[in-house]
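We name chains A, B, ... by the order of the sequence lines, and we start the count at 1 in each one.
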Amino acid sequence: MALRHKIIGLLTEAAAKAQAAGKLPAVTLPDVALEHPQKPEHGDYASSLPLKLARATRLKPLDIAGVIRKFIPADPAIVSVAVAPPGFINFTLDSDWLSRQVEEVLASAETFGNVDLGKGRRVQIEFVSVNPTGPLHVGHGRGAILGSALANILSAAGFAVETEYYINNAGSQIEAFKHSLYTRYQQALGVDAELPANGYFGGYMADLAQAIIAEDGDKYSRLPEVEAIDRLGEVGLKKMIGQIKTDLERLGVTFDTWFSERSLFKNGQYDTAMTLLKEGGYIAEKETATWFVSTALGENKDNVVVRSDGSPTYFATDIAYHYNKFVERKFDQVINIWGADHQGHVSRMKAVVGAMGIDPERLKVIISQMVTLRRGGELVRISKRSGDIITLSEVVDEVGADVSRFFFLARSADSQMDFDMELAKKESAENPVYYVQYAHARIASILTLAAERKIDYADGDVSLLTSEPEQSLIRKMLLLPEVVEMAAKSLGPHQLAYYAQELATMFHSFYKQCRVISRDDAGLSKARLKLVVAAKIALSRCLHLMGMTAPDTM
RNA sequence: GUCCCUGUAGCUCAGCGGAAUAGAGCGGCUGCCUUCUAAGCAGCGGGUCGCAGGUUCGAAUCCUGCCAGGGACGCCA
């Protein structure tokens, strides 16, 4: 069990025992707040529980703290429990216990940092899900990286995670794509043709047409137009999806499932979902269209699900899709990562989930805010319709996958961000990405030297690790499980990026102050080798959870 | 007009289930390479936490209003 929970447990029990013994009024206990104090002299963990109890019990916080402290049993991990004004209870970890944790980290190896928050519950994370009508740009990259890191974190937190890309391959945008492609195809073959007004004007469409001509020649031009548009369009879609997949793989983003929107119509789930809503009384006909009456659920307005021409809207298929997620596939929890332009969709989606009899709390939507791409001071437009577009893969070409990932992960999804490629490249020498990876490489280098000198440190005695730099490094390492838990609970992968930097700082500082491989003190060398291996585990876990590489040389 | 996100150090951002002198990186200024990678370390300087009220023993954190920036309000997706 994580240390943090253990201490919370000690406090809760102590307060309850104090109440049972009549030393503390039997008021309802609040949730125990436990934090890491800023000042080292305040210990490793501090609780303000006495302060919170002061009003209800009408006692002085310091007195409450004194009473609770008496009921906290001795624990091997804790050397002291101190009462401090205005009413804190401070816990300081035992130095021997800390040293011994190095062995624990080594024993857990690649599972170090894992926690059992999820208890095997099934979580689906759906992200990116861009219409396959054009290449990915930076904004999509942000969602992709966020989603894949979150998937890693939730797995580490004990959830059974499945990642998914929802392919919107039905609907009017797809029709526009097919028409645009057909036009470009004709043009490439020397036929006079004009793009539809709602078409895709990007240069990549002409490239796509050329690529298809290179493979299949002009065979689609010999078909009747309607059939040609469809057959050609399908080939184009397949190629587009393939390109998206490749771009994502370059960033280390993969999916367990590529889910087809069309399948919802083939297997009848679309009809089932609509029937379900109809039976619930949430469907109404008005103005020749069919509406989901979201106003009945407190929404601002109703939404069309079936247009006057009988075709379903995007919202309608999304309803069916969520029916599929919750009812057919029975995910305990579903997380959707959407771009900022979809935020208006969140509340009605939750409303509709509730209308289908599913607890809306099981659906979490993360809105990743806009990314503006810059080159120095210059803004780069990323519109898909206009020809002027910097694709995600171009960004990855320039700054690399690791840097891209770290830059996106170092910000919470809530805040808009500028992605300045100039800066990402220019700063590369002083980059936090390299700072963290460098720590890992330095350890690898130490281990190489140890191997060259044939040092066997299996019998290293970790109890020798008592100095301040050593203990600080251990303390920081031991926070990884807490960070994983926090990041999983708050769905905030950025916390890992900050922690990784702090951990690297502790290592670099230790490295400067403590010579690991020394001819003078073989015993200490062996102990420190163990420490360094443990730190390497913690660092590489961090980097891997973020989907980054942990290089041995730099 | 309604709704969502943001406003913290020169810049980019953490912190926002309230609590002990507000943090990091970059940039600026000082020092530090005979031994495991200086892509490093140690230190200095830098803040009315957008503004105004309110709740509280205690607010960057919670509530209300306002201001500023971005986004959404389609029988597009």
Nucleotide paired to B:G23 in any strand shown, Watson-Crick or G-U, under 3.5 Å: B:C13
B:G69 phosphate, OP1 or OP2, under 4.0 Å from A:Q416 side-chain N/O: no
For B:U2, the Watson-Crick or wobble partner whose two distances fall under 3.5 Å: B:A72
Under 4.0 angstrom between A:K39 side-chain N/O and B:U21 OP1 or OP2: no
Between B:C29 and B:A14 - C1' atom distance, rounded Å: 25 Å
Rounded interatomic separation in angstrom, taking CZ from A:R515 and C1' from B:U34: 11 Å
For the student: nearest non-hydrogen atoms of A:L117 and A:A488, plus distance: CD2-CB, 3.9 Å
Inter-nucleotide P distance (B:A52, B:G28), Å rounded: 34 Å
Nearest to side-chain heavy atoms of A:M370, which nucleotide of B:A39, B:C36, B:G71: B:G71
For atom NZ of A:K512 and atom P of B:C41, their distance in whole Å: 9 Å
A:E35 CD to B:C16 C1', straight-line distance once rounded to whole Å: 13 Å
Under-4.0 Å side-chain N/O to phosphate OP1/OP2 contact, A:H508 with B:A42: no
Interatomic distance, A:E502 CD vs B:G15 P [rounded to whole Å]: 11 Å
A:S509 vs B:A42: side-chain N/O to OP1/OP2 distance below 4.0 Å: yes
Distance, C1' atom - from B:C57 to B:G40, rounded to whole angstrom: 46 Å
N-O pairing of A:R411 and A:D418 below 4.0 Å: no
Parallel, tilted or perpendicular: rings of A:H342 and A:Y314 (30°, 60°): perpendicular
Aromatic stack A:F88/B:A20: centroid gap under 5.5 Å, interplanar angle under 30°: yes
Plane angle bin for A:F255 and A:Y165 - parallel if under 30°, tilted between 30 and 60°, otherwise perpendicular: perpendicular
Phosphate-side-chain proximity, A:R55 and B:G58, N/O vs OP1/OP2 below 4.0 Å: no
Check: A:L392 and A:H137 side chains under 4.5 Å, non-hydrogen atoms: no
Short side-chain N/O contact from A:T372 to OP1 or OP2 of B:G70, under 4.0 Å: no
A:Q369 (side chain) and B:G71 (base): donor-acceptor pair under 3.5 Å: no
Donor-acceptor pair between A:D318 and A:H345 side chains, under 3.5 angstrom: yes
Donor-acceptor pair under 3.5 Å, A:Q343 side chain vs B:G71 base: yes
Protein-nucleotide distance (A:I517, atom CD1; B:U35, atom C1'), rounded to Å: 11 Å
P gap between B:G31 and B:U61, integer Å: 41 Å
Between B:C62 and B:C44 - P atom distance, rounded Å: 32 Å
Distance in angstrom units between A:I367 CD1 and B:A72 P, rounded: 12 Å
Phosphate OP1/OP2 of B:A14: any A:S412 side-chain N/O under 4.0 Å: yes
A:H342 aromatic ring stacked with six-membered ring of B:A77, 5.5 Å and 30°: no
Nucleotide B:C26, atom P - distance to CG of A:D418 in whole Å: 20 Å
A:D31 atom CG, over 12 foreign heavy atoms within 6.0 Å: no
Spacing of the P atoms in B:C66 and B:A22 (rounded, Å): 31 Å
Quiz item: A:N90 side-chain donor-acceptor pair to B:A20 base, under 3.5 Å: yes
Rounded distance in Å between the C1' positions of B:G27 and B:G65: 38 Å
OP1 or OP2 of B:A14 under 4.0 Å from side-chain N/O of A:S415: yes
Side chain to side chain, A:M506 and A:R475, heavy atoms closer than 4.5 Å: no
Of the listed nucleotides B:C41, B:A38, B:U2, the one nearest the side chain of A:Y435: B:C41
Residue A:A289, side-chain heavy atoms: nucleotide from B:C13, B:A77, B:C75 that is nearest: B:C75
Listed nucleotide nearest any side-chain atom of A:R442, set B:A39, B:C36, B:A38: B:A38
Who pairs with B:C41 - Watson-Crick or G-U, where each distance is under 3.5 Å: B:G31
Protein-nucleotide distance (A:Y498, atom OH; B:G23, atom C1'), rounded to Å: 10 Å
P atoms of B:U12 and B:A19, separation to the nearest Å: 27 Å
